[in-house]
Amino acid sequence: MAATTEISLPARNYDLTATMTSGQVFAWERVADAWVGVVQGRGVHLRQSAETIVGRTAEPQRDWSWLTAFLQADVELNGVLATFPQDDPHLQAAVAACRGLRLLRQDPWECLASFILSSTKQIVQIRQIVRTLSERFGERVPLPDGCSLAFAFPTARRVAALSEAELRECKMGFRAPYLLGTARRIVAGEFAPEQLQQCPVAEARTRLLALPGVGEKIADCVLLFAYGFPTAFPIDVWVARALSTFYFRGRTMPPERLRQFAAKHFGPNAGYAQQYLFHHIRTRRG
DNA sequence: GACCAGGACCATT
DNA sequence: AATGGTCATGGT
């Protein structure tokens with residue numbers, strides 16, 4: 001197959017905009033009717049038409065499997081939805097409202113770093129921090145014609161070489177020493193992000209929890225969004241409220257209680273269910 | 001101007 | 001084990 005700068009991926013039952021705005025990625029920008037971002041060092045322009053997503057790059061690509069993997073375009077969504085509890089009206093309402101919402105498969109370091117920066121921040125602010133960090137310390141990446149340059153998320157090595165003050169100037173506040181500490185552990189070889197893919201989910205979780213700035217919520221985000229462990233179920237303030245409201249008559253429950261409930265109730269793709277609930281309660285008006 | 005945000009961590013009970 | 005305070009910063 002010849003190398004090309006454009007590919008059309010089959011994407012039935014796929015809502016790219018919902019996916020990009022559902023709080024799992026923070027570095028993608030809306031440009032006209034498209035989305036622009038960086039995947040494994042390649043600047044990509046994505047535009048959705050009826051049942052395909054058209055990807056364009058600056059450099060010709062012989063192998064586009066990196067984009068298929070990132071978008072999880074070969075996941076048969078109906079198969080995932082079929083594993084949800086069908087007698088749960090709250091979850092089914094979220095699915096109905098967010099048709100085509102997907103989980104992406106992100107780079108582990110970028111995902112880990114982004115969520116270390118996410119604690120008690122609104123999504124718009126997380127996006128701002130990630131953008132500033134990338135513009136100041138990330139590599140410049142070419143985009144296809146008509147688009148300006150993009151910036152990759154800075155590598156762990158680059159971040160590890162910075163000072164806490166330089167990080168704080170990106171407005172990340174008290175999260176700066178957490179990000180710096182995690183980056184330096186990676187560079188020191190004390191934590192290998194690419195190694196967790198082979199671990200059982202419980203062990204991967206334990207290793208993530210040992211990092212500075214990583215608690216249960218952030219660990220679960222990385223397990224789900226970067227490693228694709230389908231039962232990982234991040235519980236933030238929104239999801240905690242939704243679970244308490246929907247399944248505990250509005251009584252606020254301790255996080256561990258909610259974790260147990262989610263593991264039992266939502267099935268083998270609980271992570272997807274979580275993403276539908278999260279996106280639905282955040283986007284419904286009123 | 002309060003109140004809150006895809007929390008984690010540490011010191012007290 | 002379970003609370004409570006603290007940590008920056010900016011949106012609503």
Side-chain angles (χ1 to χ4, degrees), chain A residues 18-28 94 98 101-104 106 108 110-133 136 153 162-185 191 205-229 231-246 251-260 262 266 270-286:
Chain A
T19 300
M20 289 294 184
T21 59
S22 66
Q24 48 181 319
V25 288
F26 307 103
W28 286 78
C98 313
L101 176 61
R102 300 286 189 131
L103 289 179
L104 300 167
Q106 303 177 43
E110 178 173 348
C111 183
L112 172 61
S114 298
F115 278 96
I116 286 175
L117 299 175
S118 76
S119 69
T120 54
K121 279 293 188 191
Q122 297 182 160
I123 291 175
V124 285
Q125 296 177 279
I126 303 166
R127 294 174 54 82
Q128 180 59 50
I129 296 170
V130 168
R131 182 183 308 116
T132 303
L133 189 62
R136 292 189 182 180
F153 192 85
L162 298 174
S163 67
E164 183 178 324
E166 287 175 299
L167 290 175
R168 282 183 182 266
E169 285 169 13
C170 298
K171 305 301 181 185
M172 65 182 71
F174 61 83
R175 304 155 194 84
Y178 296 154
L179 181 64
L180 191 54
T182 289
R184 288 182 175 170
R185 283 202 198 181
F191 177 78
R205 192 167 194 261
T206 300
R207 293 197 191 181
L208 286 167
L209 288 173
L211 297 170
V214 180
E216 297 196 333
K217 189 271 172 182
I218 290 176
D220 287 337
C221 284
V222 179
L223 291 174
L224 184 62
F225 301 142
Y227 296 103
F229 289 106
T231 58
F233 195 94
I235 301 178
D236 74 315
V237 292
W238 290 88
V239 173
R241 273 203 298 264
L243 294 181
S244 294
T245 301
F246 294 157
R251 306 284 301 175
T252 60
M253 291 289 149
E256 190 50 38
R257 185 76 185 280
L258 296 178
R259 261 177 59 79
Q260 291 174 8
F266 292 109
Y272 273 90
Q274 175 276 156
Q275 198 65 12
Y276 277 91
L277 289 174
F278 177 78
H279 191 60
H280 180 49
I281 59 185
R282 283 192 64 258
T283 53
R284 69 185 175 188
R285 55 183 80 245

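Computed from a predicted structure; not experimentally measured. First the proteins, then the strands, lettered A, B, ... as listed; each starts at 1.
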Does any non-hydrogen side-chain atom of A:Leu277 lie less than 4.5 Å from one of A:Phe246? yes
Closest heavy-atom contact between A:Met253 and A:Leu258? CB-CD2, 3.7 Å
Rounded to the Å, how far apart are A:Phe174 CZ and C:dG10 P? 13 Å
Within the structure shown, what part of the strands sits under 4.0 Å from A:Val214 by heavy-atom distance: base, sugar-phosphate, or nothing? sugar-phosphate
Relative to each other, are the rings of A:Trp238 and A:Phe278 parallel, tilted or perpendicular (30° and 60° limits)? perpendicular
Look at the side chain of A:Thr231 and the backbone N and O of A:Ala270, then say whether any donor-acceptor pair between them is shorter than 3.5 Å. no
When the distance from NZ of A:Lys171 to C1' of C:dG11 is rounded to whole Å, what number comes out? 16 Å
Out of B:dG7, B:dG6, C:dT9, which has the shortest distance to the side chain of A:Gln274? B:dG6
What residues in residues 117-129 of chain A put a non-hydrogen atom under 4.0 Å from any atom of DNA chain B? A:Ser118, A:Ser119, A:Thr120, A:Lys121, A:Gln122, A:Ile123, A:Gln125
Would A:Trp238 pass as stacked on B:dG6, i.e. its ring centre under 5.5 Å from the base's six-membered ring centre and planes under 30° apart? no
Side chains of A:Val222 and A:Val214, heavy atoms from C-beta outward: is any pair under 4.5 Å? no
Report the residue (A:Asp236 or A:Leu209) whose heavy-atom-nearest nucleotide on DNA chain B is the more 5′ of the two. A:Asp236
Please state the C1' separation for the pair B:dA5 and C:dT6 - nearest whole angstrom. 16 Å
How would you label the contact of A:Gln275 with the nucleic acid (heavy atoms, under 4.0 Å): base, sugar-phosphate, or nothing? base
More than 12 heavy atoms of other residues, nucleotides or ligands under 6.0 Å from CZ of A:Arg257: is that the case? no
Of the candidate nucleotides B:dC9, B:dG6, B:dG7, which contains the atom at the shortest distance from the side chain of A:Tyr178? B:dC9
Any base atoms under 4.0 Å from A:Ser114, or only sugar-phosphate, or nothing? Heavy atoms, all strands. nothing
What stem regions, each of at least 3 consecutive Watson-Crick or G-U pairs below 3.5 Å, can be found for DNA chain C? B:2-5 with C:9-12, B:7-13 with C:1-7
Ranking A:Leu211 and A:Lys217 by the position along DNA chain B of their nearest nucleotide, the one closer to 5' is A:Lys217
Take atom CD1 of A:Ile116 and atom C1' of C:dC7, then tell me their distance rounded to the nearest Å. 16 Å
Nearest-Å distance for atom pair CZ/P, residues A:Arg259 and B:dG7: 16 Å
Calculate, to the nearest 0.5 Å, the distance between atoms OG1 and NE2 belonging to A:Thr19 and A:His279 respectively. 8.0 Å
If I pick the C1' atom on B:dC4 and the same atom on C:dC7, what distance separates them, to the nearest angstrom? 15 Å
With a cut-off of less than 4.0 Å, is there a side-chain N or O of A:Arg241 near OP1 or OP2 of B:dC4? no
Need one value for A:Pro254: base, sugar-phosphate or nothing, where a base atom within 4.0 Å counts as base even if backbone is also close, heavy atoms only. nothing
Whole-Å distance separating the CD atom of A:Glu256 from the P atom of C:dT3: 13 Å
When rounded to the nearest Å, what value does the distance between C1' atoms of C:dG4 and B:dG6 take? 22 Å
Hey, is the side chain of A:Arg175 poking within less than 4.0 Å of OP1 or OP2 on B:dA8, counting only N and O atoms? no
When we call it a touch if two heavy atoms are under 4.0 Å apart, what does A:Phe26 touch: a base, just sugar-phosphate, or nothing? nothing
Contact class for A:Gly215 vs. all strands (heavy atom < 4.0 Å): base, sugar-phosphate, or nothing? sugar-phosphate
Between A:Arg136 and A:Glu166 (side chain of the first, backbone of the second, donor and acceptor by atom type, cut-off under 3.5 Å), is there such a pair? no
If the plane angle is over 60° it's perpendicular, under 30° parallel, otherwise tilted; pick one for A:Phe174 and A:Tyr178. perpendicular
Side chains of A:Ser118 and A:Ile126: closer than 4.5 Å at any heavy-atom pair? yes
